[in-house]
Amino acid sequence: MRPRAPTIAIVVALSGACATPPPSSGPAAALTAREKVQKTEPLAFEAERQLNLAEKSLANLDPDAAEAQLETAQRSLRDPKLDIYPEADLLRSRHTELVGQVPSVRQEVARRKLAADVAAAKEKIEAAKGDLASFMAEVVRKDPGEATFKRADGALQALRESLDEAGPLESRDADYGKFAIAARKILEGQRQTLEKRKIAVAVDGAKHEIDGGMSVLGAALQQIRGRDIATSDIERARGAAEQVDSALKRSDEVADKDVGFAKYVAGARQKLAAARKTIDDRHHRLNVDTQRAKVESSRKIMADALGRLSAKDVGPSAFEEAETSVKGFRGTIDEGKDLEDKDRAYATYAGGMKKQHDAALNRIAARRLEVQVLTARAEISTRRELLGEALRRILAPGPSEADFNATIEAVSAVEKAVDSASELRGKDRKFAGYAVEVEKSLIPARATIGRRKLEVEIAAQRDKLNAALDTLAGSIKGMNAPTDFEAADGAVNGVERTLDEGEKYLGKDAKYGKLVTDARKRVAAARQQIRTRRDEVAMAEQKAKVQVQRDRLAELLTALAGFSASDEQFKAAREAVDETNKALDEGDELERRLRAYAAYATSVRKALADARKKIELRQVAVDVRNRRLLIEQAVGTAKLRVTDLEKPESSSEELKGASDALVSAREEITAGAALEKRDGQYGKFANASRKQLSALQRALDEAAPGVRFREGPVAALREARSAMSAADGLQDEEQRAAYSSTLEQLQSCQSDAKDMISEHKKLARQSFVAGRKNVKGSDVAKQCAAEAKTAKKKLAAVAQRLAFYEGPAKHFTNGHNLLTRAEASMSDNARGESLNGAIRAFEECVGEGRILEHKYPGLKKKSYDVDGRQVTVPMLVKACQVGAERARTMLKVPKG
């Protein structure tokens, strides 16, 4: 919907605009003067608009904005062209008047700002003084707490900060300076009062704390002066003394500020020192008595443990217990070492106890040596009896290895028993002689063991060698399987190991030496027999492996001779050749050693080479047949796709399909390039197919431009016509967008059609379907150009209409509405705001109307409907000028 002004307003405004101008001396002269005035009107209107804005800024006490607006207006007023404007002098006079008002406005702004700053500062300071007075009233009460002092400190700080913050105002305002001096005096007086009150309260609190601590300390001293006291009583007294000391330390800062309280603290410290000395004396006496009791208790425990060492069968636990008790006794004595330095009587007592400790250690050592000697002799005697029994067992017929080991262990046991008591030899002379006698008796025992062990070992070795020879004789009969050869090799190795084991006995027994010579001859003969039989069996097994692969290869070669041999069959045949060769390679070692197997392997390899050649020849034949079929199918498909392009309705998708089909056909030919060198007939077939594809490519290249032209310019022409037809029924904004888009499409159609025909001349003679009639290619660009002119005209008409209704007409309606609102307003501020808004709207109407007249000269004679009346742009501009003048008049004259 277009904006509409009320009918009465439009009639009134346009009546002034349509009034008959005064007669002139001649038509040509009147027209020239009018044109000159019209040329200066934009400058005058802009200068007047800036003067109005500057006047409003000064009224709002904004001199900076007013100066900028006056500077802008002055640029228009200096223009010489403005001299012919009827109201030029009036505008310049008004500008001079407004410039003269700027300094006074600035002074008023500064005065008001200073008064406001002083009032705000006083208000803030008065509030801080009130808070301070309130908190100081709490401070002077009987028992102010820490929170009360903190609040008072905060109030002092707040007042100080408020005064400092407003400090610059003292030199700018004399009354405020006096006010600030008075406030600072109050601040200092309250600060001193607060500090004195803090000291008084701190002194009272410190005295109360110290007196309380001294009372507790006195009660604790009375308790420890009695006869029966405990460590806890001492600790309690010390704790009370520490409490008093802590309280005195905390009061030092306060004492520095109050002389009377400092004397009180000094006296309290003297009392504390005397109390601590009493506590230390009582603590020392308690420690001495307690330590004596502990030493006596530990000495009794030691005496009981030493008495138990006199028993006949005293064990290690008794000695450990005695040593522990002695060690504990000495530890208890050492616990009182500090007391020995402080108390002479206790030091004498402790020296006697240390002598008893040393005597106890000597007694334990003597009794331990006596017990150790008795124990060692008994242990050695028992071991010697066990050795005699072991010697009797190995001298009997058929002694076992365990018997010999037991005898050797028995000798070692006697030696260990003697060695374990070696420390006792230096401590007891009789025991030393006994140990030497025992060591001499072990020499003949060792000799008996060695001689008897050699006799038994040689007999066992002879039996073992005869058994190994019997095993070898049985294993070399009937050797066929691998396990048979392994058993034979194992038997040979068994005889040789047995011979090696008995090597140490050769010089010690003649019969055993003769047996060894015979055994070595039998081993050499057996080895030769095993080697010969193993080669015979290995060659038979290797031939059997190769024959299995040859049989499989023969079956696969027979299958390849069929018509439909597959890639899998060729692959299997080649793998069979490789597997047969691999089987032959497994016999390389036999081929080097055995002449018979070497001749067999040579004949098999020749047969394998012939088989591989047959496979390759058959592969080529099959590949050629398959490749021919693929190429024939691909070329046939490409031919059909290219033929379809001759139809009038062929599309770009079909064009792409034909191109893809040609590419696929060429790829099929390229895939068989290797076969052309191996088969001459196939090479001729491939060349013929390439020529056929080249001909199809030429046909495709000739058809492609027509398809692209049909889907490009021809389709664009058809779509643009349809879009313009549909746009005729749309609203203005939608029409403008539709015509603009269609114009771009038609211009692109015209350019594309010319370029494509220039590149492909045949397109000009081709006929294309564009709507209901066919059109030649050479006419497409012309029709696109004709349609573009039509679209451009329609677009210009819509643009002019939109520019009128969205510009001057819209501003006229806004100005009139604001003018009506001002007439009905009861408030001077609201009335002034509406009138200023109306002036701005009418001025914008005049400015944009003038721009439209210059931009679209045809608009001066063209009329538009504004609320039922036909109005031209000049008529609307004149109506806006009248409206602006009316608003200015109303603004100067107060309502009523």
Side-chain angles (χ1 to χ4, degrees), residues 287-341 343-390 406 409-443 445:
N287 288 341
V288 169
D289 294 343
T290 301
Q291 179 64 15
R292 276 179 175 270
K294 288 170 63 177
V295 171
E296 288 300 326
S297 176
S298 180
R299 185 168 68 86
K300 185 176 182 306
I301 294 171
M302 181 184 70
D304 293 341
L306 291 175
R308 285 190 287 275
L309 293 181
S310 300
K312 183 177 181 181
D313 296 327
V314 60
S317 61
F319 284 102
E320 292 177 1
E321 181 182 0
E323 288 175 340
T324 302
S325 66
V326 172
K327 185 177 181 181
F329 177 58
R330 182 53 186 255
T332 304
I333 296 171
D334 291 342
E335 288 176 4
K337 188 174 182 180
D338 293 342
L339 296 176
E340 294 179 31
D341 299 334
D343 194 301
R344 183 177 298 176
Y346 177 77
T348 302
Y349 168 78
M353 293 299 103
K354 290 176 183 177
K355 291 179 180 179
Q356 290 188 29
H357 164 266
D358 296 340
L361 288 178
N362 293 333
R363 181 177 174 184
I364 292 170
R367 180 56 179 160
R368 176 179 278 115
L369 177 60
E370 182 181 354
V371 171
Q372 288 175 344
V373 168
L374 293 173
T375 302
R377 289 180 71 95
E379 178 68 16
I380 293 171
S381 178
T382 300
R383 298 298 181 186
R384 292 184 71 184
E385 291 177 0
L386 293 174
L387 176 58
E389 293 176 1
E409 289 177 0
V411 173
S412 297
V414 175
E415 288 179 338
K416 290 179 181 178
V418 174
D419 291 341
S420 63
S422 59
E423 292 183 0
L424 299 177
R425 291 185 180 187
K427 298 177 182 179
D428 191 293
R429 184 178 299 177
K430 291 182 179 180
F431 179 77
Y434 170 76
V436 171
E437 179 185 347
V438 171
E439 289 174 345
K440 290 180 179 179
S441 67
L442 294 178
I443 296 174

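Since this is a predicted model, take the numbers as computed values, not measurements.
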Please examine the side chains of Glu296 and Tyr349, heavy atoms only from C-beta on, and report whether any two atoms are closer than 4.5 Å. yes
Do you know the tightest heavy-atom contact between Ala410 and Ala390? CB-CB, 4.4 Å
Set out, in order, the CA-CA distance, both residues' side-chain angles and the distance that settles side chain to side chain contact (heavy atoms under 4.5 Å, CB included) for Ile364 and Glu323, then state yes or no. CA-CA 8 Å; Ile364 292 170; Glu323 288 175 340; 4.1 Å; yes
For Glu320, the side chain to side chain contact (heavy atoms under 4.5 Å, CB included) test, sequence neighbours excluded, returns none
Salt-bridged, Glu379 to Arg384, with N to O below 4.0 Å? no
Test side chain to side chain contact (heavy atoms under 4.5 Å, CB included) on Ser298 and Lys294; report intermediate values, then the result. CA-CA 6 Å; Ser298 180; Lys294 288 170 63 177; over 6 Å; no
Could you tell me if the side chain of Ser325 sits less than 4.5 Å from the side chain of Arg330, heavy atoms only? no
Rounded to the nearest 0.5 Å, what separates atom CZ in Arg292 from atom CG in Leu339? 10.5 Å
Gap separating the CG atom of Asp334 from the NE2 atom of His357, nearest 0.5 angstrom: 8.5 Å
Run the side chain to side chain contact (heavy atoms under 4.5 Å, CB included) test on Val418 and Leu442 for me, step by step, so that the C-alpha distance in whole Å, both residues' side-chain angles and the decisive distance to 0.1 Å come before the verdict. CA-CA 11 Å; Val418 174; Leu442 294 178; 5.9 Å; no
Filter on salt bridge (charged side-chain N to carboxylate O under 4.0 Å, His left out), then keep only pairs touching residues 347-360, sequence neighbours left out; what's left? Glu340-Lys354
Could you give the distance from CG (Asp343) to CG (Asp338), rounded to the nearest 0.5 Å? 12.5 Å
Distance in Å, Thr382 OG1 paired with Leu387 CG, rounded so as to fall on 0.5 Å steps: 12.5 Å
Once you round to the nearest 0.5 Å, how far does CD of Gln356 lie from CG of Leu306? 10.5 Å
Side-chain heavy atoms of Tyr346 within contact of Val295, under 4.5 Å: yes
Distance from Thr375 atom OG1 to Arg368 atom CZ, nearest 0.5 Å? 12.0 Å
Might you point out which heavy atoms bring Val314 and Arg367 nearest each other, and give the distance in Å? CG1-NH2, 3.7 Å
Where Met353 and Phe329 come nearest, the two heavy atoms and their spacing: O-CE2, 3.2 Å
Any donor and acceptor pair, going by atom type alone, linking the side chain of Ser441 with main-chain N or O of Val438 inside 3.5 Å? yes
Residues in side chain to side chain contact (heavy atoms under 4.5 Å, CB included) with Arg377, at least two apart? Val373, Phe431, Tyr434
Can a salt bridge be assigned to the pair Asp304 and Arg308 using a cut-off of 4.0 Å between side-chain N and carboxylate O? no
Less than 4.5 Å apart, side chain to side chain, heavy atoms only: is that true for Leu386 and Arg383? yes
